[in-house]
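Computed from a prediction, not measured in an experiment: that's the story for all the values here. Order of the sequence lines fixes the chain letters, A, B, ..., with proteins taken first and strands second; residue numbering starts at 1 for each chain.
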Protein chains: 2
Amino acid sequence: MNYEDLATKLKALADPVRLNILEFLRQPIESCCSQSDGVCACDFETLLGLSQPTVSHHMKLLVQAGLVRSEKRGRWVYYEIETATFAQISQYLTHFQQAALAAR
Amino acid sequence: MNYEDLATKLKALADPVRLNILEFLRQPIESCCSQSDGVCACDFETLLGLSQPTVSHHMKLLVQAGLVRSEKRGRWVYYEIETATFAQISQYLTHFQQAALAAR
DNA sequence: TAGATATATCGAAATATGTCAATATATCCA
DNA sequence: TGGATATATTGACATATTTCGATATATCTA
């Protein structure tokens, strides 16, 4: 992964609204989900108080960056955390931690 | 750490130029350092081909976000990775990895 | 099939970001 | 002390980002 790609993923992560979205995907609150079988885009409109196009925009960025996986089922688009990408980012950040720098 | 603070740190991280800077701070190349006792701001001008004010701007963001620590010695400002902040970010990201989500 | 609902796209506006040249400030050294 | 050097700040400009209303598309259901 080069710096451009990594920066794209980090940029997608680096926004308070999207951090909120990711947090909800990580720990969905059942009573805030309109559907029983997953978290869909429309749930975030009420959750975040943002317009539908704005939510759609943020979801697109998250999917494009590979942080989130989407699946269309019927009228709804469902989202889930893409754990592998987070693992990849975490892996990179370990290089900047105490142990890694001490071992140089 | 709230989402605004975290987003500030991630935003500072989410730029190819700054990723380059951090990578160099993590593994400095002696022959690219004008001083023998550390990495200073001016080293990045030649390294990145950017103007002095631009480098200064990026360093300021990195320091403000807590990703980098600076120390002025004489005419030079020396920089080092702030490992604790990286540990903090890494820690947060572990919540989005396979093991954490499986354990919900 | 027609209306309702979920999502995507487009275009516009406001704000944020990255970059530079010019200039200011601080520090060294001859 | 005065010139040279490293860094910071300012102001300007181009580009990117966030947000929305309007509209398009897809799908369900009555």
Side-chain angles (χ1 to χ4, degrees), chain A residues 3-22 24-25 32-65 67-80, chain B residues 3-22 24-25 32-65 67-80:
Chain A
Y3 295 145
E4 289 292 343
D5 286 350
L6 182 57
T8 299
K9 293 181 202 307
L10 289 168
K11 223 173 265 184
L13 204 53
D15 179 272
V17 168
R18 290 191 291 273
L19 286 173
N20 255 291
I21 291 174
L22 292 167
F24 187 79
L25 286 174
C32 297
C33 297
S34 65
Q35 305 304 305
S36 60
D37 55 342
V39 180
C40 62
C42 65
D43 294 335
F44 293 112
E45 297 176 40
T46 40
L47 200 70
L48 303 170
L50 291 171
S51 73
Q52 180 272 318
T54 299
V55 169
S56 184
H57 167 72
H58 285 299
M59 299 320 292
K60 187 177 180 178
L61 286 188
L62 288 171
V63 169
Q64 282 177 342
L67 295 173
V68 155
R69 186 172 55 247
S70 73
E71 188 192 350
K72 178 158 184 172
R73 294 203 295 273
R75 259 178 291 186
W76 294 272
V77 178
Y78 294 83
Y79 297 95
E80 276 179 45
Chain B
Y3 294 146
E4 288 293 340
D5 287 350
L6 181 57
T8 298
K9 293 182 203 306
L10 289 168
K11 226 174 263 185
L13 204 54
D15 179 271
V17 168
R18 290 192 292 272
L19 286 173
N20 255 292
I21 291 173
L22 292 167
F24 187 79
L25 286 174
C32 297
C33 298
S34 65
Q35 306 303 305
S36 60
D37 56 343
V39 180
C40 63
C42 63
D43 294 335
F44 293 113
E45 297 177 39
T46 41
L47 200 70
L48 303 170
L50 290 171
S51 72
Q52 181 271 318
T54 299
V55 169
S56 185
H57 167 71
H58 285 299
M59 298 321 293
K60 187 177 179 178
L61 286 188
L62 288 171
V63 170
Q64 282 178 341
L67 294 173
V68 155
R69 185 173 56 244
S70 73
E71 187 192 351
K72 178 158 185 169
R73 294 203 296 273
R75 260 178 291 185
W76 295 271
V77 177
Y78 294 83
Y79 296 95
E80 275 179 46

Quiz item: Reckon B:Ser56 has a side-chain N or O less than 4.0 Å from the OP1 or OP2 of D:dA8?
Solution: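 It does, given that an N or O in the side chain of B:Ser56 lies less than 4.0 Å from OP1 or OP2 of D:dA8.
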Figure out the [atom1]/[atom2] separation between [X] and [N], and round it to whole Å.
X       : N     : atom1 : atom2 : value
B:Lys60 : D:dA6 : NZ    : C1'   : 17 Å
B:Leu62 : D:dT7 : CG    : P     : 15 Å
B:Leu47 : D:dA6 : CG    : P     : 16 Å

Practice problem: Determine the minimum heavy-atom distance between A:Arg18 and A:Lys11, stating which atoms define it. | Solution: NH2-O, 3.2 Å
Self-check item: Over all atoms of both residues, closest heavy-atom pair of A:Cys40 and A:Gln35
Solution: SG-CG, 4.0 Å
Exercise. Please identify each residue that fulfils salt bridge (Lys or Arg N to Asp or Glu O under 4.0 Å) with A:Arg69, with sequence neighbours left out.
Key: A:Glu80, A:Glu82
Quiz item: Could you go step by step and tell me if A:Phe44 and A:Val39 meet the side-chain contact (heavy atoms from CB on, under 4.5 Å) rule?
Solution: CA-CA 9 Å; A:Phe44 293 112; A:Val39 180; 3.6 Å; yes
Practice problem: Check for a donor-acceptor pair, side chain of B:Asp43 on one end and backbone N or O of B:Cys33 on the other, with a separation under 3.5 Å. | Solution: no
Quiz item: How does protein reach along nucleotides 15-21 of chain C, written 5' to 3' as B (base within reach of a heavy atom under 4.0 Å), S (only sugar-phosphate), or - (no contact)?
Solution: --SSBBB
Practice problem: At under 4.0 Å between heavy atoms, which parts of nucleotides 25-30 of chain D does protein reach? Answer with one letter per nucleotide, 5' to 3': B base, S sugar-phosphate only, - none. | Solution: -SBS--
Exercise. Let me see the working for A:Val77 and A:Glu71 under side-chain contact (heavy atoms from CB on, under 4.5 Å), right down to the final yes or no.
Key: CA-CA 6 Å; A:Val77 178; A:Glu71 188 192 350; over 6 Å; no
Quiz prompt | Pair A:Arg73 + A:Asp37, salt bridge at N-O below 4.0 Å | solution =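 Yes, this pair counts.
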Practice problem: State the CD-OG distance between B:Glu45 and B:Ser56, to the nearest 0.5 angstrom. | Solution: 9.0 Å
